[in-house]
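Numbers restart at 1 for each chain; the letters A, B, ... are given by sequence-line order, proteins then strands.
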There are 2 protein chains.
Amino acid sequence: MDIDALKDLVSVSKKDMYRNFFHRHKKQIRIKKEHVAVRNLIKITEATLMLSNRKGFSAMSMRDLSAASGLSTGALYSYFSSKDDLLDMIQQESLRVAIRVLSARIDGIRDPQLKLAQAIYTHLYLSEVMHPWFYFSFMETKNLKKRARRKAIEIELRIEKIFIDIIAEGQEAGVFRDVDKEMVAGMIKALLQDWYLKKWKYGQRRIPVEAYAEFLAGVVESYLRVTVKTEQVDKSWV
Amino acid sequence: MDIDALKDLVSVSKKDMYRNFFHRHKKQIRIKKEHVAVRNLIKITEATLMLSNRKGFSAMSMRDLSAASGLSTGALYSYFSSKDDLLDMIQQESLRVAIRVLSARIDGIRDPQLKLAQAIYTHLYLSEVMHPWFYFSFMETKNLKKRARRKAIEIELRIEKIFIDIIAEGQEAGVFRDVDKEMVAGMIKALLQDWYLKKWKYGQRRIPVEAYAEFLAGVVESYLRVTVKTEQVDKSWV
DNA sequence: AGTAAAAAAACGAACGATCGTTATATTTTT
DNA sequence: AAAAATATAACGATCGTTCGTTTTTTTACT
């Protein structure tokens, strides 16, 4: 699996993504023309991600956002109804893309080992390509209003469920050991998360995403792999 | 190893901890009497952790803090010189305690496997007992001013270095496999982190810290354990 | 032991700055 | 000319912080 493939995929569909973004939130966006909306939603979103990931969403002022996006504060409010609403929109979109791409890329794969590896690689590469989104989504979840936070948590658990299910399939097929699948899925999730939460660290150590992916897949594979009990092997030769 | 032992240790020394806190930041604290300072530093710090971990430090106002701590806004400024300064103080103290307790608890242990397990258990239990501190420290690092952030990152890397060194010792002693020790240390760190970042999830699943500790130690041990060489895994699907 | 002066600590109103948001005016596109 | 989009200025609310005052505690002295 190649990261460039995913990069292209996301990059090419960037406009599509924002088109969806626009249509999904049409109620709160007062702009009529799609191409105008898309153009400025890109500016607004990217500026928001940049500023928020630097010093936190609540520390970002609308004047900051105005300056960074190139739109006046008044114009901004044609694209969302409130600051909280802007947070909701970006958060929602982030999780939606994540679960959609992940589901699509593992759909139809039979072999549990392949499927698990594919899920890991996809999540990792996607979080690499959409790093600001993932980082934002994690950091700002607690700033969401109650209802939105519930939904965000629910989607996150659904992503984890994907991994749980794959492991269960592998166990039924007899290719994975009978370990606590929820624990292992949680572990995978934590390690996937570390890649985008501690990006600065891995960058500093010059570890590319491919190396991290290989390492992570290796760890998981070796933990789940069905093996002969080593003690038995040893004793049989004595 | 028992979590209650650590709990007692931290609990008993709570006042001591705040006494250190007080003396270390005497320059910026205008209160003279130690017992007064300690009493109110406890109130202020616990209120800050509570409010910040709920909606973020920058979203917490000094009026919020005043109400939650029981001190007037004016009085608060006898305990720190600015809001940023308060953030610095708590952040610093958190990391300082973590590295001090961790170092003390593994000091003198010869056996690398024991030492690694002890480090994992200590970090995990400590983050359980001091959960609000750990969560705060992680979430608010990026809100620190440049110099303070550099220092925070440096301490975090020093904690990771502890794990790297233990793994290196184990490899030299021949009890750990020759794997990338920095990667494994990073993995351990990520999984330790997950415990206090996703506490709600593990609580929801009724997984106590002891179970998580055992799982994590098991994963790491099984990955590092020296085994008979297995055949090369086919990675053609990657 | 009692009390007045001094020191320490806490209070709370008020400062200017900045916040999110909106109403109105202006510019751009249709 | 109409509609759509953007800009500007201003609103009240709230922010971090300060400062003069009041309350509490300690000290000093009879």
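- DNA chain D is contacted by both A75(B) and G70(A); G70(A) maps to the nucleotide lying nearer its 5′ end (nearest heavy atom per residue).
- If you check dA10(C), dT17(D), dT6(D) against the side chain of M62(B), the one that comes closest is dT17(D).
- K55(B) places its NZ atom 12 Å from the P atom of dT14(D), with the value rounded to the nearest Å.
- Screening Y212(A), F215(A), Y196(A) for a ring-ring contact (aromatic ring centres under 6.0 Å, His included) involving Y202(A) leaves a single residue, Y212(A).
- Atom CZ in F80(A) sits roughly 8 Å away from atom P in dT21(C) (whole-Å rounding).
- With distances taken from any side-chain atom of K83(B) to the nucleotides dT6(D), dG20(C), dG16(D), the minimum falls on dG16(D).
- In this structure, the CD atom of Q28(B) is 13 Å from the P atom of dT17(D), given to the nearest Å.
- When distances run from any side-chain atom of S72(B) to the nucleotides dA7(D), dA10(C), dT21(C), the shortest one goes to dA10(C).
- In this entry the distance linking CD1 of I31(A) with C1' of dT27(C) reads 14 Å, nearest Å.
- Between H35(B) and F57(B), the residue whose closest nucleotide on DNA chain D is further toward the 5' end is F57(B).
- Checked for salt-bridge contact, E154(B) and R158(B) meet the test: a charged N lies under 4.0 Å from a carboxylate O.
- Across all strands, Y79(A) comes closer than 4.0 Å only to sugar-phosphate atoms, never to a base (heavy-atom distances).
- Taking atom OH of residue Y77(A) and atom C1' of nucleotide dC11(D), one finds them 13 Å apart after rounding to whole Å.
- Residue contacts for T73(B): at a heavy-atom cut-off of 4.0 Å it reaches a base atom on one of the strands shown.
- Residue contacts shown for R30(A) are limited to sugar-phosphate atoms, with no base heavy atom under 4.0 Å away.
- Here the C1' atom of nucleotide dG20(C) and the CG atom of L65(A) are 12 Å apart, to the nearest Å.
- Rounded to whole Å, the distance from CD1 on I29(A) to P on dT6(D) is 12 Å.
- One can place CG of N40(A) at 14 Å from C1' of dT29(C), the figure rounded to the nearest angstrom.
- Map D64(A) and G74(A) each onto its nearest nucleotide of DNA chain C; the residue landing nearer the 5' end is D64(A).
- Side-chain proximity of K33(B) to dT17(D), dT8(D), dA8(C): nearest is dA8(C).
- If you find the closest nucleotide of DNA chain C to K32(B) and to D84(A), the one lying nearer the 5' end belongs to K32(B).
- Side-chain atoms of S58(B) and S58(A) include a donor-acceptor pair closer than 3.5 Å.
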Step by step, work out the ring-ring contact (aromatic ring centres under 6.0 Å, His included) result for F138(B) and Y135(B). CA-CA 5 Å; F138(B) 181 91; Y135(B) 188 82; 7.9 Å; no
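- Here S61(A) lies in heavy-atom contact (under 4.0 Å) with sugar-phosphate atoms only.
- With hydrogens and angles ignored, the 3.5 Å screen pairs no side-chain donor or acceptor of S137(A) with any backbone N or O of W133(A).
- Taking the side chain of R63(A) as heavy atoms from C-beta on, and the options dG20(C), dT6(D), dA4(D), the nearest nucleotide is dG20(C).
- Under 4.0 Å is where a charged nitrogen must lie from a carboxylate oxygen, and between K55(A) and D64(A) at least one such pair does.
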